[in-house]
Structure formats: C-alpha cells, structure tokens
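First comes the structure, then the notes that go with it.
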Amino acid sequence: MIDARLLRDDPDRIRAAQVKRGLSPDVVDRALAADEARRSAIATYESRRAEQKSLGKQVAQAQGEEKTALLARTKALSAEVKELEAAQGAAETEWDEALRSIPNPAADESPAGGEDDFVVLEHVGTPREFDFEPRDHIELGRMLGAIDLERGAKVSGSRFYFLTGIGAQLELALVNMAMDQARNAGFTQVIAPSLVKPRAMEGTGFLGQAADDVYRIEGEDLYLVGTSEVPMAAYHSDEILDAGALPLRYSAFSPCFRKEAGSHGKDTKGIIRVHWFDKVEMFVLTTVEESYAEHQRLLAWEKEFLDKLELAYRVIDVAAGDLGLSAQRKFDCEAWIPTQGKYRELTSTSNCTDFQSRRLDIRTRGESGNTPVATLNGTLTAITRTIVAILETHQQADGSVRVPEALRPYLGGLEVLKPVS
RNA sequence: GGAGGCGUCGCCUAGUCCGGUCUAUGGCGCCCGCCUGCUAAGCGGGUUUGGGGCUACAACCCCAUCGAGGGUUCAAAUCCCUCCGCCUCCGCCA
C-alpha cells in the first residue's frame, strides 16, 4: 500500500503513476474523498466518546438522584456513540479499500506502457548456432528419461509432469547449487510453507487483479502460494525489526502453484508453463534508501547463476503496466530457448519498496517514529524453466546433453546426460 | 480427533472469581539525568503500538489497544458467545 501522506501531499504524482501503468487516475479522487470522510468521522466519534468516558467516571462516583440523572444522559449518549463508531468503521473501510487498490508507483526509470513496452538493458552470451536440427526439451526430456509429461497429465492433468531419473537429480542439483550460492553470499536458507492465510496473500498483493491465478483450498481459509515471496514477506509481519539487523537476506525453497488462468493455448506443451514447479527465491528486507542498490545486487546474483549454467540471456526493464501491484521496478532475465527462437523469462527480480511492508506491518524503529522497511525478491532458479534452457542449450546431435561445469559437482561429477534408450 | 490449562504494553508478572478508584501493578532489561577516583551499587525520571487534532512531521491534547472478533451494560482486562494460537495428557499418524 502506498504512503497515505504521499497521496495527500502530492496526488498529481499518483495520478501520473496510474496513467503510466495504463490505469485510471480516478481512484486518487475516490481515495482523497474517502480520507476526508474518514477523518471527519473519526473526529466526531472521538469527541463524543471522550464525553461518554468522562460522564462514565462521574457515574461511578455519583449517588442517588444525581446518579439517576447522569445515567439518563449517558444512556442516550451511549447509543449515539455506537452509531458514530459504526460510521467511522465504514468510512475507514472505504478509505482502506481505495488506498489498497492503488499499485506501487513505478520507478522513474521504468518504461511506461504494458507488457510489450519493456526495454532491453543488455544481452549476455550469444544464442548457440546448431549444425544439426535441435530437439525441443520435450523430446530431450523423453530421451533422457528426465521428464514424463504423459503420466503427469494422467495423474494430475494438463500442465503437470513428473521429473524422473536424471530429471529429478537435475532439480536437486539446481536447488543445491542455488542454495550454495545464496549461502556463500550471506543468505539464510529457508524452507517455507506453501500454504498461507489470506493475510499473507493479500499483503503481498496477490489477491487483487492477480487473484484469478491463485489456488484456494476448498473449505479452508488457505491459499497455495505462487512463489515463496508470499510466506517470506509475511515471515516478519507485525514485527519491528532492529535497524542494525538489516539487510535480512533469505533464500527460500518452496513449490509454486499457479492456475495460469487466461493463458489457455499458450505454451501448452512441455514444462515452460505449468501449474506447479519448485523454486529457490531470494527475499530481502532492507531500508527503502538501500533498496535500489540491493535490487541491482539481486540482479547480479541472478546473472551469476545463469552465467554458471552457461546460458545466453538478456535482461529487460519491465514496463510499468506489467509490474504487478507491489513492484516499483522489475528486471527479468530471459534465456534464449533455441527451439522457440526467442528469449523466455527464467528469473525476475522486483523492488517492492515499502509497499508490502506497509500492508504487513514490518518496520524498523526510527528517530522520528517507526518506518516501514523495503522488501525485494528475486528468482535464483525456477526449476522447470531452468531445465528447459539447460537441455535445449547444451544438447548434442545424439540427444545427449553437456552438463555445464559449475553444475557437475552437484551431479556427482557427471559431464554428459545420456539418452536412456 | 478427545480432555484439561493458558494467552496482560520487549521479557517475566499483579489484576479477572465479586464490572467503575485500572489513567493496567511490580520486577528485569533498555534510555536520560543525578551522585560517584573508575566500575558496581544507589537515587530520580522515562520506556506498547496504531490513529486523530493541533503543528515545525516538535511539544501537547484526545481515541483505540490486555490473543482476534462479536455481545451484555450507562460503564468490560474483568461477564457471555465464536474463533485463533500455545502448553499438558490421551488417541491416530509421515
């Protein structure tokens, strides 16, 4: 949620931010009106309530006739206070809803516009040239006995898969490699719950427009997370952190579940777009001032991981309209997928500044009151897409796959993945 | 799943039976000051969080906050209901 003071002091800035994301600025006026109504409701309620309290004290000491008279007055007042309290609550709710519906204003550097308006920041490595017809990851996965899509569909439906044999080993290797890198960089490793309460989902901004993509457990007040950003953001909710402890860096492993609503027909084959995958995610809490530099660090760690896998990729600056509710700026690393002839998102890092921490009440003690911290997240490895990129990029003519050197220690020194049949 | 116990402003704790003097007690820790060769001790003061008013975003005043949400009442930490969490025992289980 945005800073209410910013909305009051500089509403034009929020209006401009809305337009930059391709959204209507009307919500600003709705919020401002709600704020005014709320404050006047609070003032009315509180003055009557104060009166009620002071009368209550007199009642306690009064005797006889005086007491009877006081009771008559305070009884009427009581009903009024109750009404005013309800009115105040309603005004508060309206204000809260308006405020919460406003996304984090994009950074000045973020390109304006929607999904296609990203800016390419850099290319790393060059897409490999093949002197044979490259196979897609589906065929390679089948030849290697690594990916079983048919049985995934049989058991769980479309967009599900089993990783088997070397496929399963690959996942564990990638997870360990990611966790090692993170630990060496000072991250605390975490295995996070993938079922969370509404508060966590709402606090991270996934129950707004993004709610269609979220699985809810029937009959329970629980959601399946789409990323461990959700449990990790909520991890320190309602806490006041010691400023000296920042930054707090976590690398969290969890499964991720996504309905993929509205993507029917897209990436229907293979494991590019699935309802479930595992992921190692970096999550950082720091000060807003430090968050911009930290964002660059997260990007650097993502690039380091992709470099070790010897992948060709580009980094894009995601446009304002494609940032999601919480992010102020987002960089995606997109790896070259040979059989698709294009770059596909493998990792993504967002600076959510104090947007999530305001909703989740995560702050540090400051000299002039407590201030919300900044939260940032970045993918180290989303297993399925990483496997796609590795298989397709490092395949050889016979269907075997060369293992990038950095990954070998995590596969018992294995240099080549060989077809099983 | 069953039975019982518990949840108070960083930590511990008094208060809850019997509603008003609770503006929530005391200790520890922490902060400021005093005292003091130094340290320790001692003395005095302060120390939840969120919101509103007024403002310099200070000071000050007010409202809410005793796990959460409802209810009863002129008045709720205290009485009633629902929920959540923790502990102990039993059952079941990876």
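Each chain gets a letter, A, B and so on, in the order the sequences are listed, and its residues count up from 1. Any value given below was found using the heavy atoms of this structure, including those in side chains, with hydrogens, waters and symmetry copies removed. This one's a predicted model, so the numbers in the text were calculated from it and none came from an experiment.
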| task | Name all pairs fulfilling the ring-ring contact (aromatic ring centres under 6.0 Å, His included) condition that reach into residues 153-206 of chain A, sequence neighbours left out, sorted by first residue then second. | result |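 Listed by first then second residue: A:F160-A:H275, A:Y161-A:W276, A:F187-A:W301.
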So, using side-chain contact (heavy atoms from CB on, under 4.5 Å) as the criterion, who are the partners of [X] when residues are at least two apart?
X      : result
A:V59  : A:K67, A:L70, A:L71, A:T74
A:A200 : A:V196, A:V230, A:A234
A:R100 : A:M1, A:D96, A:E202, A:R359
A:S194 : A:V225, A:P255, A:F257

| said: Classify A:K82 by what it touches in the nucleic acid, base, sugar-phosphate, or nothing, heavy-atom distance under 4.0 Å. | reply: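 A:K82: backbone/sugar contact only, no base atoms under 4.0 Å.
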| message | Can you list everything that forms a ring pair (Phe, Tyr, Trp, His ring centres under 6.0 Å) with A:Y292? Sequence neighbours excluded, please. | response |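 For A:Y292, no residue satisfies ring pair (Phe, Tyr, Trp, His ring centres under 6.0 Å) once neighbours in sequence are set aside.
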| request: Sort and list the pairs that fulfil salt bridge (charged side-chain N to carboxylate O under 4.0 Å, His left out) and have at least one residue in residues 222-241 of chain A, not counting sequence neighbours. | output: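 Sorted pair list: A:R199-A:D238.
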| field | Qualifying salt bridge (charged side-chain N to carboxylate O under 4.0 Å, His left out) pairs, either residue in residues 41-60 of chain A, two or more places apart | value |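 Sorted result for residues 41-60 of chain A: A:R48-A:E51, A:R48-A:E80.
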Detail all sub-3.5 Å separations between protein N/O atoms and N/O atoms belonging to nucleotides 54-56 of chain B.
none

| task | Enumerate the residues from residues 71-80 of chain A whose closest heavy atom to RNA chain B is under 4.0 Å, giving them by residue number; use none for an empty result. | result |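 Those residues whose heavy atoms fall under 4.0 Å from RNA chain B, taken from residues 71-80 of chain A in numerical order, are A:L71, A:T74, A:K75, A:S78.
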| Residue pairs involving residues 244-256 of chain A (criterion side-chain hydrogen bond (donor to acceptor under 3.5 Å, both in side chains); sequence neighbours excluded) |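 Residue pairs with at least one partner in residues 244-256 of chain A: A:H236-A:Y250, A:R249-A:E294.
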Set out, line by line, the N/O atom pairs under 3.5 Å between protein and nucleotides 61-65 of chain B.
{"from": "B:rA64", "atom 1": "OP1", "to": "A:R49", "atom 2": "NE", "distance (Å)": "2.4"}
{"from": "B:rA64", "atom 1": "OP1", "to": "A:R49", "atom 2": "NH2", "distance (Å)": "2.8"}
{"from": "B:rA64", "atom 1": "OP2", "to": "A:K53", "atom 2": "NZ", "distance (Å)": "2.6"}

| query | Rounded to whole angstrom units, what separation is found between the CD1 atom of A:I42 and the P atom of B:rG50? | reply |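 Taking atom P of B:rG50 as the reference, CD1 of A:I42 is at 15 Å.
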